[in-house]
Amino acid sequence: MKLNKLIIPLAIGVMALSSCTADDPDENKSVIVTPNEEQTEFDKWLETNFAIPYNIDFKYRYKETESDYDYYTVPAKYEDAVKMAHLVKYLCVETYDEVAGTDFTRRYFPKMFFLIGEWEYRNNGTYILGTAEGGRKILLAGLNYLSENIAKGPEYMNYYYFKTIHHEFTHIMNQTKVIPADFQLVSGKDYLGDMWSEEPFNKEYLSRGFISDYSQESYTEDFAEMLSEYIVNDAETWNSRLEQADKDAADKAAKTGETSTNPSQLINTKLDIVRRYMKENFNIDIDVLRETVQRRQADIVAGKVDLTDITVK
């Protein structure tokens with residue numbers, strides 16, 4: 001089983017056989033079986049908005065068997081779980097519905113979300129924001145900080161949660177359609193493994209042709225970071241990073257006497273491959289995807305979406 005993780009440094013803020021038989025499931029019913037627990041209004045809302053239309057099991061109650069025994073984990077607060085469910089629906093599920101169609105979302109989007117209250121802390125000074133497991137499950141950590149990060153604005157929401165979801169969903173798509181070989185060659189031998197979080201690499205990533213510090217871990221993480229960073233950031237923010245990349249490289253060259261490089265070209269080359277991959281394999285224009293994410297994000301900031309309403313309509 002392949003397990004992908006999105007990890008950040010602590011210092012920063014740290015498939016199916018079919019036949020026509022009487023046993024075939026009713027297409028209008030979810031294949032998810034509700035456990036023998038008393039259904040709350042939230043459970044009914046989740047069934048209506050996730051389970052029935054998408055067969056997505058949105059687990060907000062703490063399940064020890066779904067957690068990672070390598071880490072100390074705690075339950076997610078109920079109030080934050082409600083808000084996260086609304087955010088995942090509006091910013092992620094319905095975004096892909098709009099851009100790629102509901103058939104795409106039903107086929108590719110992970111079939112389980114599991115929420116925990118705290119981050120998964122590692123011994124090397126980093127912590128895990130989320131994981132994608134076996135192409136079916138996304139774990140989202142740090143739910144108990146959601147409300148305060150919503151209050152801080154979209155930059156914090158994206159950094160801690162929604163870039164994570166898009167990042168992990170990219171891994172899931174990559175398990176269906178492999179990353180092009182030419183992407184692996186752009187940065188070649190510059191990947192660092194676990195050293196990505198160490199100095200000076202955790203500060204010099206832009207000048208090395210990487211869009212984030214974690215991009216330096218491997219080409220698979222680089223690919224996921226390229227797509228997720230591109231769509232959650234507006235054009236002004238993205239372009240400023242490219243400008244900063246070339247400036248950092250020039251400053252470094254001036255200090256060392258080495259020939260200055262153009263790391264923005266490396267980043268753009270990788271972005272072009274990501275753009276081609278998404279269009280050829282999933283018929284998704286990443287620029288349209290970005291515009292949709294940005295618009296929906298603005299709706300959240302403007303208070304146009306009630307994140308607490310669990311009325312079943």
Side-chain angles (χ1 to χ4, degrees), residues 1-14 32 34-35 37-43 45-47 49-51 54-93 109-152 156-172 197 214 221 224 228 232 307-308 310:
M1 179 179 292
K2 184 173 182 180
L3 177 66
N4 297 105
K5 300 181 179 181
L6 180 56
I7 308 168
I8 66 169
L10 184 58
I12 291 182
V14 218
I32 298 170
T34 304
E37 297 174 335
E38 183 179 351
Q39 269 206 328
T40 66
E41 291 304 307
F42 186 32
D43 291 319
W45 187 91
L46 289 173
E47 183 175 18
N49 290 277
F50 283 93
Y54 303 102
N55 278 325
I56 294 175
D57 188 5
F58 198 94
K59 291 183 178 292
Y60 68 96
R61 293 185 177 91
Y62 187 80
K63 300 289 183 182
E64 188 178 55
T65 53
E66 296 293 347
S67 61
D68 190 331
Y69 294 115
D70 290 336
Y71 301 96
Y72 175 76
T73 57
V74 300
K77 294 177 182 176
Y78 175 85
E79 295 80 4
D80 287 329
V82 171
K83 292 177 183 178
M84 179 58 77
H86 279 281
L87 290 167
V88 169
K89 176 177 181 285
Y90 193 76
L91 293 178
C92 302
V93 175
F109 211 71
K111 296 309 177 187
M112 181 191 295
F113 278 83
F114 177 58
L115 313 181
I116 58 175
E118 190 52 85
W119 313 114
E120 293 186 335
Y121 294 94
R122 308 172 82 213
N123 293 330
N124 65 353
T126 65
Y127 59 94
I128 297 169
L129 296 178
T131 66
E133 183 177 341
R136 58 175 288 275
K137 168 186 172 182
I138 285 183
L139 177 146
L140 286 176
L143 258 289
N144 294 346
Y145 303 99
L146 178 62
S147 291
E148 63 184 77
N149 284 316
I150 290 175
K152 292 178 181 178
Y156 288 85
M157 291 167 55
N158 283 326
Y159 184 80
Y160 289 108
Y161 307 104
F162 298 102
K163 185 176 77 71
T164 300
I165 295 173
H166 292 295
H167 176 110
E168 299 301 344
F169 186 36
T170 303
H171 283 311
I172 289 171
S197 63
Y214 190 47
E221 302 302 342
S228 58
V232 302
L307 301 181
T308 62
I310 52 174

Quiz item: Using the ring of each side chain (for Trp, its six-membered ring), is His86 parallel, tilted or perpendicular to Trp45, with breaks at 30° and 60°?
Solution: tilted
Quiz item: In Å, rounded to the nearest 0.5 Å, how long is the span from CZ of Phe114 to CG of Leu139?
Solution: 6.5 Å
Quiz item: ring pair (Phe, Tyr, Trp, His ring centres under 6.0 Å) with Tyr90: which residues, sequence neighbours excluded?
Solution: none
Quiz prompt | Any donor-acceptor pair under 3.5 Å from Tyr161 side chain to Leu140 backbone | solution = no
Quiz item: What closest approach, in Å, do Ile165 and Cys92 show between heavy atoms, and which atom pair accounts for it?
Solution: CG2-SG, 3.6 Å
Practice problem: For Lys83, check side-chain hydrogen bond (donor to acceptor under 3.5 Å, both in side chains) against everything at least two apart and list the hits. | Solution: Ser147
Exercise. List the atom of Phe169, the atom of Pro110, and the distance in Å for their closest heavy-atom pair.
Key: CD1-CD, 3.9 Å
Quiz item: So, for Leu115 and Ala76, which heavy atoms are closest and what is the spacing to 0.1 Å?
Solution: CB-CB, 4.1 Å
Practice problem: For residues Tyr78 and Phe42, establish whether the separation of their ring centroids is below 6.0 Å. | Solution: yes
Quiz prompt | Tyr60 and Asp43 side chains, donor-acceptor separation under 3.5 Å | solution = yes
Practice problem: Please work out whether the ring planes of His167 and His171 are parallel, tilted or perpendicular, with thresholds of 30° and 60°. | Solution: perpendicular
Practice problem: Calculate, to the nearest 0.5 Å, the distance between atoms OH and NZ belonging to Tyr159 and Lys152 respectively. | Solution: 11.5 Å
Quiz item: Ignoring hydrogens and geometry, is there a side-chain-to-backbone donor-acceptor pair from Lys111 to Tyr54 under 3.5 Å?
Solution: yes
Self-check item: side-chain hydrogen bond (donor to acceptor under 3.5 Å, both in side chains) involving Asn144 - partner list, sequence neighbours excluded
Solution: none
Exercise. Assess whether side chain to side chain contact (heavy atoms under 4.5 Å, CB included) is satisfied between Leu129 and Trp119, documenting all intermediate values.
Key: CA-CA 6 Å; Leu129 296 178; Trp119 313 114; 3.5 Å; yes
Quiz item: Atom NZ of Lys59 and atom CG of Leu46: how far apart are they, to the nearest 0.5 Å?
Solution: 11.0 Å
Quiz prompt | Shortest non-hydrogen contact from Val82 toward Ile310 | solution = CG1-CG2, 3.8 Å
